[in-house]
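Some notes on the structure that comes next.
Since the structure is predicted, the reported quantities are computational estimates derived from the model, not experimental observations. Whatever order the structure lists ligands and atoms in, that order sets their numbers, starting from 1.
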Amino acid sequence: MAGAGNAGEGAGADSAARVRDLQALLNHHSALYYEGRPEIPDADFDDLLNELKALETRHPELVHPESPTQRVGAPPDDTVFAPVRHDPPMMSLHNALDVTELRAWNERVHRALAVGRDRPPAGRPALPGTEEACPAESAEAATEEAAAAEDAGPGDYTVELKFDGLAISVRYVDGVLVRAATRGDGRTGEDVTHSVRTIADIPIRLSGPAPPILEVRGEVILRLSTFDRLNARRIERGKKSYVNPRNAAAGSLRQKDARVTAERGLSFWCYQLGYAEGGPAFGSHMQTLDWLASLGLPVNEHAACLHDLAAVEAHVADYERRRHEFDYEFDGLVVKVDDLALQTQLGVDAKAPRWAVAYKFPPEERSTKLLDIEVSIGPSGQATPFARLEPVFVGGVTVATATLHNEDQVAAKDVRPGDTVIVRRAGEVIPEVVGPVLSERPDGSEPWSFPRDCPVCGEALQRAEGISATQCVNYSCPRQIRGRIEHFVGRAAMDIEFLGERNIDRFVTEGLLKDVVGLYSLDFEQIEQMKGFGKISVNNLRQSIEASKQQPLSRLLFALSIPEIGQVNAQMLAAAFGDIENIQEADDEALAEVEGFGPIIAASVRAWFDDAHNRGLIEGLRAAGLRMEAEQPGGEGEGEQLPQTLAGMSVVVSGTLEVFSRDGAKQAILARGGSAPGSVSGRTTALVVGADPGASKLRKAESSGVPVIDEAAFQQLLETGQLP
Ligand code: IVH
């Protein structure tokens, strides 16, 4: 096909140039991928490859023998590792990107077998002890087989995980490992015997009666727990961390010094017989897998034999949902026609077998343009950098912004406005920017630097030594004013309804409101004239504000946004002093004695009440008629036990929350009858995440199926005992 046709006829100069560009680009990325240091996500690579395929189909004269569409992988690098020829070649797989494509593959299989049926039947070898396809369900299998023969269907399917690692071939002679090689371009790979010998999962000597020659194929992977440990060690030693386990596995295998490979703790799953001489012959792929396992080779326990495509589809959906519960990554499932005679009948094309298909999950990593890095100011003044992105569909949602956490994180990733960046969203976790694609960095770009001034009020931002967070410390910053008012009116605080974030923003912007005291002297007539308000809504608002004056002291203390004073500490404070005046007069020592306080919380309370502005605030609220004393014991307020909404539950908190301090969150859980351990286990009810959560806690939660919730959901959990 290559070179055939009349180049002057079909393809315009644009198409020809684009094909050449794509061929060069794909060859470049395919070589990097193979070396374990890919620059772009797989999904982007696939998009480029599909574009090239489409162009080559339209203009076959542009197909070149060296085109990436004609090859399986990258050519081996024989300057470092000796070449090894694969016989039979190590093929790739065709992909199905959704159920429709999976069904289309199945249709093709049916059609090919129907054509085959018109010819004399391909003799299925009668092999001793191998009559059953799915060994555990022989009767059913036999019926199915009869049905399959009727409609020329493929019978059973074996469905395996599609491991996201590195394909290798391992050769045993008389049961002893003699050679292992990477896939390379499918025909020739690289000799990595020295590295593979160090992988504990791969036996040096097979157990049981081994055939004279056996070549098996499988995937070298790095477990997530091992990957986390490896990266932690690398960061400790000041080395760059690996972006994902597959890159780490590839880098570890292609080491000249096998001691380095040994340290990395690689794993292996065997999924295919490459070649055997002198062993038993089998009728089904599943039987082959069982036999390989009996020889001591690691075969994954999630390989399943299924009788029809409906069962395959259900199985695939089930594993897609559960993929984050595993300690290793798989990016899809491989569906194989189980019957080996039918496999032979279906055969292979230039790139891949017709009897198998890789059902790929939607990508969790994509690249996109980083339009800008901006800083958002939180309600308590925390300045958080975030990426504004060209919208990209990743992990099942369209992502247009992603947090960059703090100044150090931006510096460590060295992402710059204008960069092409890799965005990752795995499971339900918030999207993150993994890093830049350096080869696409525009010339003359500069590292990003944190703005010196608050984007809201223009005052200088501050970052205390030894702390990663940057703060706007201007008490009068409109964002903070809004933040404090939002917190004050919140359900767990003064519970003022009919005053959402948008209205607070309008009132502050239009000068109707400048602090929480102002809530009690709002000009309702003016509000009634505002768009979106009417008599009824203004009346509701007025009543809700009026009712808030009777809220117990503990709620008022919580509502005031005193650093370190969450709901539980507010209750302790109210119960210990009974009156806001007593708190104002209490010294450090008396404050430190409050249950659960200690000197740090005491100092924070003291400092807040010593501030002249805050004293004025208290006076204003007193004058407005708010309750400043705790109710007598027996009343509905302080001293009363909180509803035990979390009885029997275990809630873990990770990262920095906005409303709760770490201690405050813990105490809020304990006060409601729950437990608040420091680590996630299978028994954890929920993991609450704030900014910068611990990666290992997140991972553990994902792998154990523990719900991961944000602070708003946490507050709801505290109140109702229900997860959203
Ligand atoms: S079978 C001739 N089974 O996926 C068929 N491949 O995209 C050979 N892979 O090169 C492949 N898990 O590296 C097969 N259970 C599995 C697999 C698997 C991962 C990889 C393998 C292959 C690539 C194709």
query = Which atoms of ligand 1 have any heavy atom of Phe163 under 4.0 Å away?
reply = 12 (N), 19 (C)

request  = Can you sort out which atoms of ligand 1 are near Val334, meaning under 4.0 Å from one of its heavy atoms?
outcome  = 3 (N), 15 (N), 16 (C), 17 (C)

task = Quick one: look up the protein heavy atom nearest atom 8 (C) of ligand 1 and list residue, atom name and how far away it is.
result = Met91 O, 4.0 Å

Verdict with reasoning, Tyr328 to Trp269, per side-chain contact (heavy atoms from CB on, under 4.5 Å) = CA-CA 11 Å; Tyr328 45 85; Trp269 295 118; 4.0 Å; yes

query = When rounded to the nearest 0.5 angstrom, what is the spacing between NE2 in His285 and SG in Cys305?
reply = 10.0 Å

note = CD1 of Ile213 to CG of Asp174, rounded to nearest 0.5 Å, is 8.0 Å

message = Under 6.0 Å between ring centres: does that hold for Tyr157 and His307?
response = no

Shortest protein heavy-atom distance from atom 4 (O) of ligand 1, along with the residue and atom involved = Lys162 NZ, 3.3 Å

key: Identity and separation of the nearest protein heavy atom to atom 2 (C) of ligand 1   = Pro353 CG, 3.6 Å

query = Is it the side chain (CB and beyond), the backbone, both or neither of Arg183 that lies under 4.0 Å from ligand 1, heavy atoms counted?
reply = side chain

remark   = Rounded to the nearest 0.5 Å, the CG atom of Leu222 sits from the CG atom of Leu230 at a distance of 6.5 Å

inquiry  = Could you check whether Asp47 pairs with Arg366 (Lys NZ or Arg NE/NH1/NH2 to Asp/Glu carboxylate O, under 4.0 Å)?
reply    = yes

Per-residue contact class, Leu161 against ligand 1 - non-hydrogen pairs under 4.0 Å = backbone

query = Any idea which part of Lys336 is under 4.0 Å from ligand 1, heavy-atom wise: side chain, backbone, both or neither?
reply = side chain

query = In terms of atom number and element, which parts of ligand 1 are under 4.0 angstrom from non-hydrogen atoms of Glu160?
reply = 3 (N), 15 (N), 16 (C)

task = Compare Glu219, His94, His302 and give the one whose heavy atom is closest to atom 9 (N) of ligand 1.
result = Glu219

note = Output for pair (Leu97 CG, Phe361 CZ), nearest 0.5 Å, gives 12.5 Å

message = Can you report which non-hydrogen protein atom sits closest to atom 5 (C) of ligand 1, along with the distance?
response = Leu93 CD2, 3.8 Å

inquiry  = Using a strict threshold of under 4.0 Å (side-chain N to carboxylate O), is an ion pair present between Arg246 and Asp42?
reply    = yes

task = Pick, from Trp355, Tyr271, Phe330, the option with the minimum heavy-atom distance to atom 18 (C) of ligand 1.
result = Tyr271

